[in-house]
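First the proteins, then the strands, lettered A, B, ... as listed; each starts at 1.
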Amino acid sequence: MRSWRGTSASSCWARRWLSTMAPIRCVGAITGPGKGLRRALSALSFQISRGLWKKYGDKRVIDTPISEMGFAGIAVGAAMAGLRPVCEFMTFNFSMQAIDQVINSAAKTCYMSAGLIGVPIVFRGPNGAAAGVAAQHSQCFAAWYGHCPGLKVVSPWSSEDAKGLLKAAIRDDNPVVMLENELLYGVPFELSEQAQSKDFVIPIGKAKIEREGTHITLVSHSRLVGHCLEAASVLAKEGVECEVINMRTIRPMDIEAVEASIVKTNHLITVEGGWPQFGVGAEICARIMEGPAFNYLDAPAVRVTGTDVPMPYAKILEDSSTPQVKDIIFAVKKVLNI
Amino acid sequence: MRKMLLAVLSRVLQSPAAAAAGGKTASRVMVASRNYADFANEATFEIKKCDLHRLEEGPSTTTVMTREEGLQYYKTMQTIRRMELKSDQLYKQKIIRGFCHLYDGQEACCVGLEAAIKPTDHVITAYRAHGFTYTRGVPVREILAELTGRKGGCAKGKGGSMHMYTKNFYGGNGIVGAQVPLGAGVALACKYFGKNEICLTLYGDGAANQGQIFETYNMAALWKLPCIFICENNRYGMGTSVERAAASTEYYRRGDFIPGLRVDGMDVLCVREAGKFAAEYCRSGKGPIVMELQTYRYHGHSMSDPGISYRTREEIQEVRSKSDPITLLKDRMVNNNLASIEELKDIDVAVRKEIEEAAQFATTDPEPPLEELCNHIYFNEPPFEVRGANQWTRYKSAS
């Protein structure tokens with residue numbers, strides 16, 4: 001098994017994906033600003049598209065001006081007319097400028113046209129908190145995009161997730177929002193032989209059990225899956241076995257996986273980086289209450305979320321604004337009454 | 001006998017302006033009756049010169065129209081006119097609900113443009129879309145049935161007035177200005193596929209002040225996208241006149257580094273020539289071009305706007321009497337021996353009949369079944385369940 005950083009997994013598979021698609025499939029990538037594809041020195045930490053332009057050229061990899069509403073609309077129009085674009089936002093915070101194109105032009109068109117016009121587009125980029133970038137650059141958009149019918153929303157954690165989900169997103173004939181995480185780009189993950197294969201795809205809408213357990217279910221997405229696993233290994237030393245579920249997809253949500261787990265463990269904690277009100281965890285809890293798994297809960301479901309505050313800059317404040325491993329451990333002990 | 005007298009009378013009573021619009025003078029020979037062999041095959045017309053921006057030359061100021069073309073333009077414009085008036089009627093009877101933005105007065109724009117491009121080219125416009133929906137190939141009955149929300153509508157009743165689509169026609173878009181980047185994206189796909197296709201991207205004088213349009217101008221020019229940006233300037237953005245909304249009302253210049261033309265949008269031949277000029281410009285790989293069509297809408301912005309609080313009835317009447325696109329074409333054809341008044345009247349009768357039948361269909365076709373509610377959320381997707389108003393109500397979604 002090789003160890004892959006999030007970045008290189010994304011960019012390596014991206015290269016492979018572009019080369020395996022015959023030209024007639026007409027795939028392209030529209031990258032957002034500042035990717036520095038043509039800059040000799042790029043100080044940016046992302047570089048997901050590094051190497052793509054060199055290999056595929058101007059026709060398929062397009063550097064854009066800083067015009068999110070414009071280039072997102074152009075990408076959607078290109079998708080309507082038969083291309084399969086991948087539109088990159090430098091971070092999803094900037095997608096707010098283009099959100100009308102994502103929702104009103106991309107998500108709703110198939111429905112409004114009664115199935116005549118499909119929009120096979122992928123919007124991708126880093127989402128949620130980074131490090132020290134403060135309030136305007138740290139928002140999590142999982143709940144905002146997850147709210148809208150017509151969109152699919154995926155949120156990878158590991159390299160395997162990044163590769164498999166992006167491949168699935170591009171192959172999907174619908175608009176898919178892929179919420180990556182900047183801090184994960186530099187984290188190495190093991191990648192199985194199977195995951196390294198050319199056609200490795202993860203189905204959209206299916207969660208993965210990252211760690212099996214019997215006492216409590218922790219459901220999370222993106223970076224916090226790692227925090228849950230860390231909390232689980234600390235708790236294991238005290239005899240508490242946590243089952244950690246990596247949602248992988250926000251919409252359509254795999255609530256059945258969570259329900260099956262609750263039947264086993266009888267306790268639920270949702271963990272997310274976003275704000276608590278109307279968040280991903282709120283939706284999971286509501287659905288569990290409405291479904292058969294409610295009868296298996298021995299305690300109310302609990303949410304661990306980002307603090308309900310615009311992200312501060314000072315490190316000590318920032319550390320208290322996103323869930324830490326200790327917050328998850330604290331919640332587990334509260335729920336289990338230990 | 002009566003027919004003959006009427007024919008003579010109508011020529012005598014022709015307004016001087018209309019006669020001047022023609023090229024050759026009509027021969028005034030009395031004949032017992034006209035048959036089609038007596039008409040000219042074609043005629044040459046002088047058309048208004050376009051104002052140019054960053055262009056050395058503009059479209060030609062003379063054009064040839066054949067009898068066949070003239071009849072087709074006449075019939076199409078008349079169909080759109082009557083379809084819009086029928087929609088007005090149906091709306092007032094509350095059979096059409098919600099939004100209804102009517103195109104009567106602007107018929108020369110969509111008909112002229114369609115005559116300038118090919119069916120394989122692409123068109124996208126905003127919400128005043130019924131005219132283009134028709135010229136792009138959707139039958140009147142499917143347009144009216146969509147307006148009345150029936151299953152026979154072109155979007156199965158799920159879209160309504162602002163969301164009608166067909167092959168190479170991307171709507172019908174409700175968000176002001178959003179269709180402009182979309183159109184440039186379609187043009188990008190045209191360039192990518194290399195089949196020499198272009199995209200007509202329309203917007204109004206109100207949308208012309210949207211920021212995303214300027215973002216789009218920039219990228220379209222940078223990447224030389226084969227996109228014709230067309231501003232249908234009908235002088236009012238909803239209830240705000242252009243003078244009160246725009247620091248510069250020269251919409252054909254607003255693309256700055258993109259060349260532009262200002263066109264008489266009430267003259268179908270002017271629009272056609274300008275459209276051909278712009279299409280050739282784009283196809284030659286020079287990049288985008290901007291066209292401003294000076295036109296007018298008789299109705300208010302939408303059916304909830306009477307259209308007389310921000311403009312006078314006199315103004316509307318003046319445009320109707322002096323610049324109506326259908327009347328202009330009719331006078332040209334009759335004065336140049338391309339058709340007779342009777343022939344055009346026969347077309348009027350046929351059009352009215354078609355519209356009546358379409359309206360009949362649109363008012364009697366059933367509404368879409370409830371099973372249709374959640375279909376087409378996704379494209380090409382296996383069926384899945386959709387939550388209804390509560391957790392016990394579930395619908396199926398098929399693609």
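The distance from the OH atom of B/Y170 to the OG1 atom of A/T109 is 12.0 Å, given to the nearest 0.5 Å. Note: B/Q212 CD to A/Q97 CD = 11.5 Å, rounded to the nearest 0.5 Å. Residue A/M69 holds its CE atom at 5.5 Å from CD of B/Q210, rounded to the nearest 0.5 Å. From A/L116, atom CG reaches atom NZ of B/K158 across 12.5 Å, with rounding to the nearest 0.5 Å. Interatomic distance, B/I377 CD1 to A/K152 NZ, rounded to the nearest 0.5 Å: 11.0 Å. Between atom CD of residue B/E381 and atom CG of residue A/N174 there is a gap of 5.5 Å, rounded to the nearest 0.5 Å.
For chain A, the option among B/A184, B/A189, B/G183 with the highest count of heavy-atom pairs below 4.5 Å is B/A189. Per-residue heavy-atom pair counts under 4.5 Å with chain B were compared for A/P175, A/A107, A/A114, A/P252, and the maximum is reached by A/A114. For the options B/N390, B/N380, B/T216, heavy-atom pairs under 4.5 Å to chain A are most numerous at B/N380.
With a 4.5 Å cut-off on non-hydrogen atoms, B/L222 touches chain A through its side chain but not through its backbone. There is no contact between A/K108 and chain B, counting heavy-atom distances below 4.5 Å. Neither the backbone nor the side chain of B/Y217 has a heavy atom closer than 4.5 Å to any heavy atom of chain A. A/E290 touches chain B through backbone and side chain together, each having a heavy atom under 4.5 Å away. Neither the backbone nor the side chain of B/Q179 comes within less than 4.5 Å of any heavy atom in chain A. The contact between A/N104 and chain B is made entirely by side chain atoms (from C-beta outward), counting heavy-atom distances below 4.5 Å.
Residue-environment remark: CZ (B/R97) stays at or below the threshold of 12 foreign heavy atoms within 6.0 Å. Enclosure of atom CZ in B/F214 by more than 12 non-hydrogen atoms of other residues, nucleotides or ligands within 6.0 angstrom is indicated. The neighbour count for B/F257 CZ, taken as heavy atoms of other residues, nucleotides or ligands under 6.0 Å away, is above 12. The 12-atom threshold is exceeded at CZ of A/R251, counting heavy atoms of other residues, nucleotides or ligands nearer than 6.0 Å.
B/I175 has its side chain out of reach of A/Q101: every pair of non-hydrogen atoms, C-beta onward, lies at least 4.5 Å apart. The shortest distance between side-chain heavy atoms of B/F193 and A/L83 falls below 4.5 Å. Looking at heavy atoms from C-beta onward, B/F169 lies out of side-chain contact with A/I117 at the 4.5 angstrom threshold. Two residues are said to be in side-chain contact when any heavy atoms from C-beta on lie closer than 4.5 Å; B/E215 and A/F71 fail this criterion.
Heavy atoms only, all atoms of each residue included: A/I62 and B/W223 are closest at CG2-CZ2, 3.4 Å. Of all heavy-atom pairs between A/S105 and B/L182, the closest is OG-CD1, 3.8 Å. The heavy-atom pair separating A/G118 from B/F379 by the smallest distance is CA-CD1, 3.7 Å. Across every non-hydrogen atom of B/N218 and A/P65, the tightest pair is ND2-CG, 3.6 Å. Considering all non-hydrogen atoms of both residues, B/L373 and A/Y111 come closest at O-OH, 2.6 Å.
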